[in-house]
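As the structure is a prediction and not an experimental result, all values here were calculated from the model. We number each residue from 1, following the sequence as shown.
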Amino acid sequence: MTPNKEDYLKMIFELGGDTALISNKQIVAGLTVSAASVSEMITKLVEQHYVTHTPYQGIKLTASGQQKAAMLVRNHRLWEVFLVSSLGYPVDAIHQEAEKLEHATTPDMADRLAKMLGRPQYCPHGGVIPDEDGHYLDQSRVALASLAVGDHGHIERVVDEAAVIDYIFGMGLHIEDHFQVVAKDTRTITLHQRETGKDLPVELGRASHIFVEVQE
C-alpha cells in the first residue's frame, strides 16, 4: 500500500523531525519507498506548509505540521495501547490494525479512549502519545546505529512501521532490553543482549530506526 500524506507526516515525526532536520534518505528507509516518491511528497508538504525543506540540509515539521502529525500519532498509539491492554494483541501484531482505526477516530473518540486507558504517555513500541492539545513528553532521539563498540544502554522505542517492528521483534529484541555494543562494521551493529546473553547482529539500516538511552 502506497504511503499517503499522513504516513509521511507520522514518519517525519517519528524520526525526530519535530525538533531537528532529517534527510530524504531517512524517510526512504523508514517507509520503504523510492527517493523520487519522497521528493514528490515533500514538495507537496512544503506547498501545504506542513514542512520546511532546506536543500542539502534536511526537512523539518512546521508548527502546523507538528500539530497535525501529533494528532495522527495520538490516534494511532492510543489504539495500539487499547489493542494490547484490552484485547490482548501481541505487540508485534498491532500496527496495521491501529492504522485502520486511526482514520475513523474523531477528537472526541480519542479523548474518551485516552480517559478509559488512564491517559497513557507511551505506546507499546515506546513512542510518546501526545495529549489532546498536541503536547507530549520528550522522546529518545539517539539512534542505535550511531553507537560505537563498548557503548551500552537500553532500547527506548522503535519506529512504528510494520517492517521495522517485524524485523526487530522477529530477532528477539524488545523495548527496555539492555545491551552492549560488541561489534560494528559497515553493514551491522552487534549487540550483546543482557536479558538472554545472546549476541544479536542488527542491520545498520534497521538500527537507525531503533532509539536508545545510552548509559554512562
Cluster question for you: counting only ILVMFWY and a side-chain heavy-atom cut-off of under 4.5 Å, with indirect links fine, are [X] and [Y] together?
X: Leu191; Y: Val182; answer: no
X: Met109; Y: Ile129; answer: yes
X: Leu21; Y: Met41; answer: no

Open item on the list: Within a 6.0 Å radius of atom NE2 on His103, are there more than 12 heavy atoms belonging to other residues, nucleotides or ligands?
Closed with: yes
Task: Other residues, nucleotides, ligands: >12 heavy atoms within 6.0 Å of Gln215 CD - done: yes
Could you check whether any side-chain heavy atom of [X] comes within less than 4.5 Å of a side-chain heavy atom of [Y], counting everything from C-beta outward?
X: Thr106; Y: Asn75; value: no
X: Val202; Y: Met171; value: yes
X: Arg187; Y: Pro201; value: no
X: Tyr136; Y: Arg77; value: no
X: Leu147; Y: Val142; value: yes
X: Tyr89; Y: Glu97; value: yes
X: Glu195; Y: Asp177; value: yes

Hey, what do you get for [atom1] ([X]) to [atom2] ([Y]), rounding to the nearest 0.5 Å?
X: Gln139; Y: Asp18; atom1: CD; atom2: CG; result: 6.0 Å
X: Thr188; Y: Leu200; atom1: OG1; atom2: CG; result: 11.5 Å
X: Leu144; Y: Leu173; atom1: CG; atom2: CG; result: 8.0 Å
X: Lys68; Y: Gln48; atom1: NZ; atom2: CD; result: 9.5 Å
X: Asp131; Y: Gln121; atom1: CG; atom2: CD; result: 9.5 Å
X: Asp108; Y: Glu132; atom1: CG; atom2: CD; result: 11.5 Å

Open item on the list: Would you say the rings of Tyr8 and Phe13 are close, in the sense that their centroids are separated by under 6.0 Å?
Closed with: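 So the answer is no for these two rings.
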Task: Ring center gap for Phe179 and His154 short of 6.0 angstrom - done: no
Under a 3.5 Å distance rule, please check whether [X] uses its side chain to pair with a backbone N or O of [Y] as donor and acceptor.
X: Asp151; Y: Ala148; answer: yes
X: Lys184; Y: Ala145; answer: yes
X: Ser64; Y: Tyr50; answer: no
X: Asp7; Y: Asn4; answer: yes
X: Arg74; Y: Pro130; answer: yes

TODO: Walk me through it: do Phe169 and His125 pass the test side chain to side chain contact (heavy atoms under 4.5 Å, CB included)?
DONE: CA-CA 10 Å; Phe169 285 87; His125 304 123; 4.1 Å; yes
Taking all non-hydrogen atoms of both residues into account, name the closest pair between [X] and [Y] and its distance.
X: Val159; Y: Ile165; result: O-CG1, 3.9 Å
X: Glu102; Y: Leu72; result: OE2-O, 4.1 Å
X: Ala110; Y: Leu78; result: O-CD1, 3.6 Å
X: Val128; Y: Val73; result: O-CG1, 3.9 Å
X: Glu80; Y: Ala98; result: CG-CB, 3.6 Å
X: Met71; Y: Asp133; result: CE-C, 4.3 Å

- [ ] Kindly write out the residues that satisfy ring-ring contact (aromatic ring centres under 6.0 Å, His included) with Tyr167, not counting sequence neighbours, or none if the list is empty.
- [x]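 For Tyr167, no residue satisfies ring-ring contact (aromatic ring centres under 6.0 Å, His included) once neighbours in sequence are set aside.
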TODO: Would you please name every residue forming a ring-ring contact (aromatic ring centres under 6.0 Å, His included) with His76, sequence neighbours left out?
DONE: His95
Task: Single hit among Ile22, Val158, Leu9, Asp160 for side-chain contact (heavy atoms from CB on, under 4.5 Å) with Glu14 - done: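 Going through the options one by one, the only one that passes is Asp160.
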- [ ] Using side-chain contact (heavy atoms from CB on, under 4.5 Å) as the criterion, list what pairs up with Arg194, not counting sequence neighbours.
- [x]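 His178.
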TODO: Taking side-chain contact (heavy atoms from CB on, under 4.5 Å) as the test, write out the residues that go with Asn24, two or more places apart.
DONE: Val38, Ser39, His53, Ile59
- [ ] Classify the side-chain pair Gln193/Thr196 by whether it contains a donor and acceptor separated by less than 3.5 Å.
- [x]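 Checked: Gln193/Thr196 side chains pair up, N/O donor to acceptor below 3.5 Å.
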Please set out all donor-acceptor pairs under 3.5 angstrom arising from side-chain atoms of residues 25-35, sequence neighbours excluded.
residue, atom, partner, partner atom, Å
Gln26, OE1, Ser23, N, 2.9
Gln26, OE1, Ser23, OG, 3.4
Ser34, OG, Ser37, N, 3.0
Ser34, OG, Ser37, OG, 2.8

TODO: Show your reasoning for whether salt bridge (Lys or Arg N to Asp or Glu O under 4.0 Å) applies to Lys10 and Glu99.
DONE: CA-CA 11 Å; Lys10 287 190 295 179; Glu99 283 276 298; 2.6 Å; yes
Task: CA sep, side-chain torsions, deciding dist, call: Thr52, Val46, side chain to side chain contact (heavy atoms under 4.5 Å, CB included) - done: CA-CA 6 Å; Thr52 59; Val46 169; over 6 Å; no
Task: Basic-acidic side-chain contact under 4.0 Å: Lys115, Asp111 - done: no
Task: Residue pairs involving residues 200-209 (criterion side-chain hydrogen bond (donor to acceptor under 3.5 Å, both in side chains); sequence neighbours excluded) - done: none
Open item on the list: What verdict does the side chain to side chain contact (heavy atoms under 4.5 Å, CB included) test give for Cys123 and Ile94, after you've listed the backbone C-alpha separation in whole Å, the side-chain angles of each residue and the deciding distance to 0.1 Å?
Closed with: CA-CA 11 Å; Cys123 79; Ile94 56 176; over 6 Å; no
